[in-house]
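First the structure, in the form of structure tokens, and then the observations on it.
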Number of protein chains: 2
Amino acid sequence: MKKTNPSFLNGVPELLVLRLLARREMYGYQIVEEIRTQTGEALSFGEGCIYPYLHYLEAEKQVSSQRREVEGRNRNYYKLTARGRKRLEALTSEWKRVTTGVSLLMEEQYA
Amino acid sequence: MKKTNPSFLNGVPELLVLRLLARREMYGYQIVEEIRTQTGEALSFGEGCIYPYLHYLEAEKQVSSQRREVEGRNRNYYKLTARGRKRLEALTSEWKRVTTGVSLLMEEQYA
DNA sequence: TGACAAGCATCACAGTTTAATGTATTGTCG
DNA sequence: CGACAATACATTAAACTGTGATGCTTGTCA
């Protein structure tokens, strides 16, 4: 996975993953579910999207993982690193910039 | 160009193009420029993105075009059809749904 | 026992945007 | 005049992203 110059609109999964992990540590499957529920079903990214992101984020040292057995299940728990927190801040302000930009164009009066 | 099931984030160029044409008729090059300026430089889609959209939208009868010579320039002016207006409304509410969803997840308190 | 949820993972594919390139005309500046 | 930038259209290969399918294992529950 290469994230060179992710343009405006993609990379939202990355933003949401980081944002969730900023609250508490979580495992992949749980992240998939929470993105769906906590966005009010507005967004839903499959495991085929989220797992590769987690691996990428770990390789980038934005998250760290720990395998743990909980409730008879093997889970990979991820938590944010300091670096990940910075990345989250950057992506957040980028997201705001973009949505603000869209609003500017959208909300202008009809001629 | 197939626009079957454009997921959440893509298709923003289409939204902005339709929104601009809802105000007044415009030509391609102008649309490219206005997206850049009216979003406060937050968004910038190249001609390689916008022209194919215009052709696609015309094929879909969401816009109609008229070649005209103005100020010594040959331009293809596009304007919205009734169908395009409906499409704009659909894309607009979809965009709101998505950004609202992201906000829901983003703005929740830290644990 | 069979079905299904939880949990991880990978991959081919499809859709979207970028960046480069091409053509032609018009305007500008030294 | 000559060069170069801007205007205006268009196309294309390549890159990037997310989808949907699939596979594997373990646990639960009827």
Side-chain angles (χ1 to χ4, degrees), chain A residues 1-17 25-37 39 42-59 63 65-78 91 94-95 98 102, chain B residues 1-17 25-37 39 42-60 63 65-78 91 94-95 98 101-102:
Chain A
M1 229 191 200
K2 234 185 277 178
K3 313 276 179 204
T4 47
N5 212 10
S7 61
F8 326 108
L9 310 159
N10 306 326
V12 167
E14 187 180 0
L15 171 64
L16 299 187
V17 166
E25 59 175 17
M26 295 177 66
Y27 54 97
Y29 191 84
Q30 184 184 22
I31 293 173
V32 169
E33 298 302 304
E34 290 212 2
I35 288 181
R36 195 170 47 74
T37 57
T39 59
L43 263 40
S44 179
F45 298 104
E47 293 159 87
C49 173
I50 297 303
Y51 284 118
Y53 263 110
L54 288 172
H55 301 157
Y56 160 75
L57 289 171
E58 184 169 24
V63 303
S65 78
Q66 199 197 353
R67 192 164 189 92
R68 219 179 299 160
E69 183 168 339
V70 183
E71 297 166 22
R73 293 284 179 183
N74 270 328
R75 297 169 175 167
N76 294 328
Y77 279 87
Y78 293 88
L91 285 181
E94 181 59 16
W95 171 251
V98 168
V102 171
Chain B
M1 227 191 201
K2 233 184 277 179
K3 312 280 178 201
T4 47
N5 212 10
S7 61
F8 327 107
L9 309 159
N10 306 325
V12 167
E14 187 181 0
L15 170 64
L16 299 187
V17 165
E25 59 175 18
M26 295 178 67
Y27 54 98
Y29 191 83
Q30 184 184 20
I31 292 173
V32 170
E33 298 301 305
E34 290 212 2
I35 287 180
R36 196 171 46 74
T37 59
T39 59
L43 263 40
S44 180
F45 299 103
E47 292 158 271
C49 172
I50 298 304
Y51 283 119
Y53 263 110
L54 288 171
H55 301 158
Y56 159 74
L57 289 171
E58 184 169 24
E60 290 287 309
V63 304
S65 80
Q66 199 196 355
R67 192 163 190 93
R68 219 180 298 160
E69 182 167 339
V70 182
E71 299 165 21
R73 294 283 177 183
N74 270 328
R75 298 168 175 168
N76 293 329
Y77 280 87
Y78 292 87
L91 285 180
E94 181 57 16
W95 172 252
V98 168
V102 172

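Going from atom OH of B:Y77 over to atom C1' of D:dC9 covers 14 Å, rounded to whole Å. The distance between atom CG of A:N76 and atom P of D:dT25, rounded to the nearest whole Å, is 17 Å. Distance, A:R75 CZ to C:dC8 C1': 12 Å, rounded to whole Å. Taking atom CZ on B:F45 and atom P on C:dT18, their separation rounds to 6 Å, with Å as the unit. Atom pair A:Y56:OH and C:dC8:P shows a separation of 21 Å (rounding to whole Å applied). To the nearest angstrom, C1' of C:dT17 lies 8 Å from OH of B:Y53. The distance from atom CG of A:L43 to atom C1' of D:dG18 is 12 Å, rounded to the nearest whole Å. Between the C1' atom of D:dT17 and the CD atom of A:E47 lies a distance of 18 Å, rounded to the nearest Å.
Within the 4.0 Å cut-off from OP1 or OP2 of C:dT10, at least one side-chain nitrogen or oxygen of A:H55 is found. OP1 or OP2 of C:dC8 has at least one side-chain nitrogen or oxygen of A:Y51 nearer than 4.0 Å.
Take B:R75 and apply the salt bridge (charged side-chain N to carboxylate O under 4.0 Å, His left out) test, not counting sequence neighbours, and it matches B:E71. B:R73 pairs by the salt bridge (charged side-chain N to carboxylate O under 4.0 Å, His left out) definition with nothing, not counting sequence neighbours. Applying the salt bridge (charged side-chain N to carboxylate O under 4.0 Å, His left out) criterion to A:E47, with sequence neighbours excluded, gives no partner residue. With sequence neighbours excluded, the residues satisfying salt bridge (charged side-chain N to carboxylate O under 4.0 Å, His left out) with A:E34 are A:R24.
Scanning residues 25-35 of chain A for heavy-atom distances under 4.0 Å to DNA chain C yields A:Y27, A:G28, A:Y29. Looking at residues 65-74 of chain B, you'll see B:G72, B:R73 sit with a heavy atom under 4.0 Å from some atom of DNA chain C.
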Any chance you could lay out the side chain to side chain contact (heavy atoms under 4.5 Å, CB included) test for A:V102 and B:T39, step after step, and finish with the verdict? CA-CA 6 Å; A:V102 171; B:T39 59; 5.7 Å; no
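With a 4.5 Å cut-off on side-chain heavy atoms, A:R36 and A:V32 do not count as touching.
Atom CD1 of residue A:I31 and atom OH of residue A:Y78 lie 8.0 Å apart, to the nearest 0.5 angstrom.
The two residues B:P13 and B:F45 have their closest heavy-atom pair at CG-CE2, 3.5 Å. Taking every heavy atom of both residues into account, A:G28 and A:I50 meet most closely at O-CG2, 4.4 Å.
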